[in-house]
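Written out below as structure tokens is the structure these notes cover.
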Amino acid sequence: MIRCSLLAALLLAPTAHAEDITIVEQWPSCTYEKLGKVEGKDGKKIGPGSGGSKRASVKRAEGRLTKAAEKLGAVSVVLTTRNVQKDGSRVRYVELRGTAIGPCQG
């Protein structure tokens, strides 16, 4: 119940800055506007010739996701796809996709 109340409070807020945009995994039960698809990626996909030793970061991908949502005037992103590829223990590629949504209405 507290989680739902917190989510509702966040979704009732006016347009947020990227650092204030929440990423959730469930569609809210209130009425809201879908503003568009957004994505955030970091690293390179693992495959032939992908090479390199740079680690990917889920935090950087989340930051790119919320920046894209901010441009649409969103207060939240409903995460629809999470793709994390590892090479052993190293994260090499992160891809997050979701739908940017506006605040709850009424």
Side-chain angles (χ1 to χ4, degrees):
M1 182 67 172
I2 293 173
R3 182 177 170 186
C4 292
S5 299
L6 176 61
L7 178 59
L10 290 169
L11 292 174
L12 288 170
T15 303
H17 296 288
E19 62 272 5
D20 299 324
I21 293 174
T22 56
I23 300 172
V24 297
E25 295 185 3
Q26 296 178 346
W27 294 96
S29 58
C30 64
T31 302
Y32 53 87
E33 181 181 0
K34 291 181 182 179
L35 303 173
K37 304 280 185 194
V38 290
E39 67 179 22
K41 298 178 184 178
D42 192 46
K44 292 186 176 184
K45 285 187 178 181
I46 298 173
S50 61
S53 61
K54 181 183 175 219
R55 288 181 184 236
S57 165
V58 172
K59 283 286 184 199
R60 280 193 299 263
E62 287 176 346
R64 291 173 179 147
L65 182 76
T66 56
K67 275 284 191 196
E70 177 185 36
K71 291 177 183 176
L72 297 177
V75 297
S76 189
V77 175
V78 180
L79 195 62
T80 56
T81 302
R82 178 189 307 260
N83 178 11
V84 178
Q85 295 181 0
K86 292 184 176 185
D87 183 8
S89 63
R90 291 179 183 237
V91 175
R92 297 293 186 182
Y93 179 72
V94 179
E95 177 182 28
L96 305 174
R97 293 177 186 256
T99 301
I101 61 174
C104 287
Q105 301 166 3

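Scope of the values below: all heavy atoms of this structure, side chains included, with no hydrogens, waters or symmetry mates.
In this structure, L65 and L79 have side chains that are in contact, with non-hydrogen atoms separated by less than 4.5 Å. Between V75 and C104, every side-chain heavy-atom pair lies at or beyond the 4.5 Å cut-off. Using a 4.5 Å heavy-atom cutoff, the side chains of R64 and K41 are not in contact.
Note that the CD atom of Q105 and the OG1 atom of T31 stand 6.5 Å from one another [nearest 0.5 Å]. The CZ atom of R55 lies 4.5 Å from the CZ atom of R90; values are rounded to the nearest 0.5 Å.
Without hydrogens or angle criteria, S76 side chain to I101 main chain gives no donor-acceptor distance under 3.5 Å. Looking at D42, its side chain does come within 3.5 Å of a backbone N or O of S57 through a donor-acceptor pair.
Between V78 and P28, the shortest heavy-atom distance links the atoms CG2-CD, 4.2 Å. For the pair G43 and A56, the tightest heavy-atom approach, listed with the atom from each and the gap, is CA-CB, 3.9 Å. Between G98 and T80, the closest heavy-atom pair is CA-OG1, 3.5 Å. Between R82 and L96 the shortest heavy-atom distance is CG-CD2, 3.8 Å.
Between K37 and E39 there is no salt bridge, since no side-chain nitrogen of the basic residue lies less than 4.0 Å from a carboxylate oxygen of the acidic one.
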If you apply the rule side-chain contact (heavy atoms from CB on, under 4.5 Å), what do you find for D87 with Y93, and how did you get there?
CA-CA 9 Å; D87 183 8; Y93 179 72; over 6 Å; no
